[in-house]
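Worksheet for the structure shown next.
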There are 2 protein chains.
Amino acid sequence: MSRTRGTRERLVVIGGDAAGMSAASQARRLRKPDELEIVAFERGTFTSYSACGIPYWVGGDVPDRDRLVARTPEEHRARDIDLRLRTEVMELDVDGQRVRARDVDSGAESWTSYDKLVIATGARPIRPDIPGIDAPGVHGVQTLDDGQALIDTLTGTRGRRAVVVGAGYIGVEMAEALINRGYEVTVVNRGSEPMSTLDPDMGRLVHEAMEGLGITMVDDAEVTEVLTGDDGRVRAVATRDREFPADVVVLGIGVRPETALAKTAGLPLGTHDGLLTDRSMRVRGHENIWAGGDCVEVLDLVSGQERHIALGTHANKHGQVIGTNAGGGYATFPGVVGTAVSKVCDLEIARTGLREKDAHRVGLRFEAVTIESTSRAGYYPNSSPMTVKMLAEHRTGRLLGVQIVGREGAGKRVDIAAVALTAGMTAEQMTALDLGYAPPFSPVWDPILVAARKAATKVRSSM
Amino acid sequence: MSRTRGTRERLVVIGGDAAGMSAASQARRLRKPDELEIVAFERGTFTSYSACGIPYWVGGDVPDRDRLVARTPEEHRARDIDLRLRTEVMELDVDGQRVRARDVDSGAESWTSYDKLVIATGARPIRPDIPGIDAPGVHGVQTLDDGQALIDTLTGTRGRRAVVVGAGYIGVEMAEALINRGYEVTVVNRGSEPMSTLDPDMGRLVHEAMEGLGITMVDDAEVTEVLTGDDGRVRAVATRDREFPADVVVLGIGVRPETALAKTAGLPLGTHDGLLTDRSMRVRGHENIWAGGDCVEVLDLVSGQERHIALGTHANKHGQVIGTNAGGGYATFPGVVGTAVSKVCDLEIARTGLREKDAHRVGLRFEAVTIESTSRAGYYPNSSPMTVKMLAEHRTGRLLGVQIVGREGAGKRVDIAAVALTAGMTAEQMTALDLGYAPPFSPVWDPILVAARKAATKVRSSM
């Protein structure tokens with residue numbers, strides 16, 4: 001366990017998924033094995049996989065698990081990354097610049113020293129602390145192993161009633177997956193509407209559309225117990241006043257940063273329990289430790305405050321930035337605007353920036369407008385309706401956020417707003433945006449332009 | 001013809017399509033009939049229609065002509081706009097603040113005075129001055145009347161061979177329309193590749209894809225004559241060294257600003273023969289004359305020079321700005337970045353900003369990169385390939401342009417680049433854009449981000 005290896009430095013990576021292995025790969029691109037040794041610890045058996053793809057694998061759109069793996073352990077090893085699977089890091093000794101890792105199978109432990117460290121421990125799903133939560137038939141969908149366990153249950157179970165707990169992205173995507181597998185699906189949701197990442201008026205549209213897809217939507221309902229049958233398996237989900245029969249239960253409640261290791265080591269955590277980094281993704285106050293992916297908080301460029309967002313696209317960017325910096329280059333991750341897009345069957349849901357309550361919380365006064373438009377020219381076949389809500393700051397008119405609910409062609413329009421938010425544009429400026437127009441692609445006024453015009457007018461008239 | 005009408009002003013509009021009637025409608029919203037009289041002259045019989053929709057009407061996607069009319073003459077008149085159809089303005093007397101209009105049917109002429117004038121005379125299609133160009137069976141597709149005449153020909157003609165002259169937007173969209181009607185289609189194109197609004201390397205992809213759709217693509221070929229049969233109808237199109245049999249010929253060569261009236265009146269025209277306006281769409285040097293739509297030149301925000309772009313979405317924005325200003329409000333049209341999107345069957349084609357030759361022409365040195373990616377996560381069903389080309393300025397890395405050729409989901413991604421261009425972002429800044437990600441919508445690195453990363457790297461390495 002000596003740290004002296006001549007001039008060769010050692011980079012240790014904790015966590016073998018998107019952020020960690022992107023960092024490792026990028027550092028390897030910049031530094032040869034004789035300059036930089038890279039050791040990566042992963043407590044599971046997979047690396048670099050798309051957790052976001054699990055609902056589509058469960059639902060049958062993706063035929064097999066291997067398709068979700070972007071790079072296998074063998075591929076990483078072929079690039080001179082010393083990858084240690086089923087090896088969990090139990091302790092981080094910051095002063096000693098070393099980590100204590102444990103072989104999950106043998107229980108053997110050993111210390112590994114580092115010159116540079118990357119923490120990419122990800123997130124863990126929230127599991128409500130209620131009776132029956134660990135019963136067979138209750139599944140999270142965070143890892144490939146989780147996904148495999150759920151598929152095994154679905155394959156081995158005769159009943160066709162599924163309850164999804166939670167109506168955020170994971171919840172609604174799992175509802176689609178189970179519908180696609182022929183299940184009767186009930187979504188039980190604590191909030192007043194599904195998709196609490198939207199304002200409730202937009203969430204209402206999701207509620208209605210999901211009901212239209214044959215999904216039973218139960219809002220304002222907290223699950224109090226998972227009820228089991230004589231065989232010990234789940235048979236129903238109980239809320240305060242009702243019971244919902246269930247042959248399988250999927251937990252889609254969200255995740256929290258997996259930062260117990262970092263917390264014990266005394267590294268700085270934010271209000272959401274995520275690691276706090278600087279713009280170069282270095283853990284604040286630590287020259288040689290970087291962190292990225294689902295275990296960190298990110299700066300929200302619109303609110304000016306840190307948020308926790310577990311999303312593969314951020315994790316990959318973080319990894320790229322970390323690997324560049326750890327490899328001796330220079331890169332930064334300036335922050336996010338909070339863009340997310342999802343779908344439930346043919347319903348597309350997207351958002352970026354602040355919701356009404358976010359704006360209130362950070363002291364921003366705003367004008368909100370909602371418009372109805374279509375994905376294509378109204379006269380063009382398969383033109384489908386979409387609703388766009390836009391928030392612009394009172395007086396300045398600066399764009400604060402956009403939410404979209406619609407069908408084909410609705411979701412990715414949020415990118416227009418995401419770039420405009422990043423650039424600090426006003427609604428008035430957005431009315432002049434030169435967006436792509438042709439009848440198969442857009443009405444002559446793109447829905448985003450229609451919303452911007454209405455928002456700009458409201459800002460002016462309220463001055 | 002007295003100009004004295006008490007305090008009531010008169011706004012005269014020349015041209016009853018998108019720009020003109022949007023201006024009239026917006027002015028009417030702001031000023032009541034007892035404050036502002038609005039007289040609009042239109043030499044045809046339709047108002048406010050989508051010329052961009054004509055290919056889809058001809059091709060059968062749009063069932064009838066009326067669907068393309070956004071607002072009928074009756075609807076305009078119901079809003080107290082004195083609309084005079086089949087009335088052509090023959091002369092503009094700027095000093096006298098009056099126009100001389102001629103009733104197309106009776107030939108009667110009269111002068112109408114104005115306090116404020118809007119010129120929205122549109123564009124006229126380019127017709128090569130070659131033998132046979134006026135033969136029956138040769139059609140332009142600029143107006144609804146043109147579209148109707150073409151449909152009448154297609155319906156009344158037994159042969160199924162069509163030649164489209166020109167391979168720009170109109171040409172390729174008409175090729176799709178004719179394919180959809182069961183024609184054997186040949187596209188004869190003067191340029192080295194179709195879609196000269198793209199760089200030739202990207203145009204090549206369009207060439208190949210269109211051939212894949214069964215369209216015969218003839219590049220580097222100038223039409224020298226339209227050959228007619230004994231019945232006087234078109235029978236073939238001749239180039240210098242070949243003949244292409246044709247039962248119908250569609251001209252899709254492009255348009256020029258219709259500014260003869262304005263030129264004779266001494267109004268300022270640019271190098272493309274379009275009217276020159278200021279940011280409020282006022283004709284330069286004229287307090288009370290505005291111009292918009294296909295008859296004006298617009299400022300290209302990337303090159304800093306004026307261009308002529310005939311596109312309904314610009315015309316509508318111009319009309320909105322003009323109507324606001326003519327109605328006593330305030331609005332501006334800051335310029336364009338040159339965004340355009342089109343499709344040929346399932347092939348999507350998009351561009352924004354500068355091509356290589358545009359950058360050369362205006363003295364901008366650049367790095368160009370081309371990448372291949374997919375519309376969705378690679379493992380998600382119906383993920384389709386797309387090619388993205390990006391130009392960034394040498395040294396500064398400022399985005400200069402993006403071109404995209406792909407299938408479903410490719411085209412509207414150009415909007416991301418359009419907003420980034422408007423905001424003056426660099427490729428490096430774009431690599432951090434928070435774009436919507438979920439497997440059905442995008443790979444974890446959106447194709448635009450992949451291109452931006454490659455461009456940023458090339459800019460850095462060439463410094």
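With a 4.5 angstrom heavy-atom cutoff, A/Arg460 does not touch chain B via any of its atoms. Looking at B/Ala377, neither its backbone nor its side chain comes within 4.5 Å of chain A, counting heavy atoms on both sides. Looking at B/Gln429, neither its backbone nor its side chain comes within 4.5 Å of chain A, counting heavy atoms on both sides. Neither the backbone nor the side chain of B/Arg351 comes within contact range of chain A, judged by heavy atoms closer than 4.5 Å. For chain A, the nearby part of B/Tyr56 is the side chain; its heavy atoms alone come within less than 4.5 Å. Within the 4.5 angstrom heavy-atom criterion, only side-chain atoms of A/Leu449, from C-beta onward, approach chain B.
Formation of a donor-acceptor pair under 3.5 Å by the A/Asp415 side chain with backbone atoms of B/Ile416 is not found in this model.
Most heavy-atom pairs under 4.5 Å with chain A: of the set B/Arg453, B/Met430, B/Arg413, this distinction falls to B/Arg453. If you tally non-hydrogen atom pairs under 4.5 Å between each of B/Cys52, B/Gly338, B/Ala420 and chain A, the highest count goes to B/Cys52. Counting heavy-atom pairs closer than 4.5 Å to chain B, the top residue among A/His314, A/Met425, A/Gln320 is A/Gln320. In terms of heavy-atom pairs under 4.5 angstrom with chain B, the leader among A/Ala432, A/Ala423, A/Ala418 is A/Ala432. Note on B/Glu348, B/Glu173, B/Glu428: by heavy-atom pairs under 4.5 Å with chain A, the leading option is B/Glu348. Note: A/Asp434 leads A/Thr352, A/Val321, A/Asp434, A/Thr332 in heavy-atom pairs under 4.5 Å with chain B. Per-residue counts of heavy-atom pairs under 4.5 Å with chain B were compared for A/Pro55, A/Ala340, A/Ser342; the largest is that of A/Ser342. Ranked by heavy-atom pairs shorter than 4.5 Å toward chain B, the options A/Leu421, A/Ile448, A/Val419, A/Asp446 are led by A/Val419.
Side chains of B/Leu433 and A/Thr422 form a contact here, defined as non-hydrogen atoms less than 4.5 Å apart. In this structure, the side chains of B/Thr431 and A/Lys317 stay at 4.5 Å or more apart for every pair of heavy atoms.
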Please tabulate, one pair per line, all N/O donor-acceptor pairs under 3.5 Å involving side-chain atoms of residues 57-70 of chain B, not counting sequence neighbours.
| unit_1 | atom_1 | unit_2 | atom_2 | d |
| --- | --- | --- | --- | --- |
| B/Asp64 | OD2 | B/Asp66 | N | 3.1 |
| B/Arg65 | NH1 | B/Gln148 | OE1 | 3.4 |

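In plain terms, the two heavy atoms of A/Ser50 and B/Tyr379 that are nearest each other are OG-OH, 2.6 Å. Of all heavy-atom pairs between A/Thr339 and B/Gly436, the closest is CG2-N, 3.4 Å. Contact detail for A/Tyr437 and B/Leu311: the closest heavy-atom pair is O-CD1, 4.5 Å. Across all their heavy atoms, A/Thr313 and B/Val444 have their closest contact at OG1-O, 2.9 Å.
Here B/Arg376 contributes atom CZ and A/Lys412 contributes atom NZ; the two are 11.5 Å apart, rounded to the nearest 0.5 Å. Of the inter-residue distances, the one linking B/Trp445 atom CH2 with A/Ser22 atom OG reads 7.0 Å to the nearest 0.5 angstrom.
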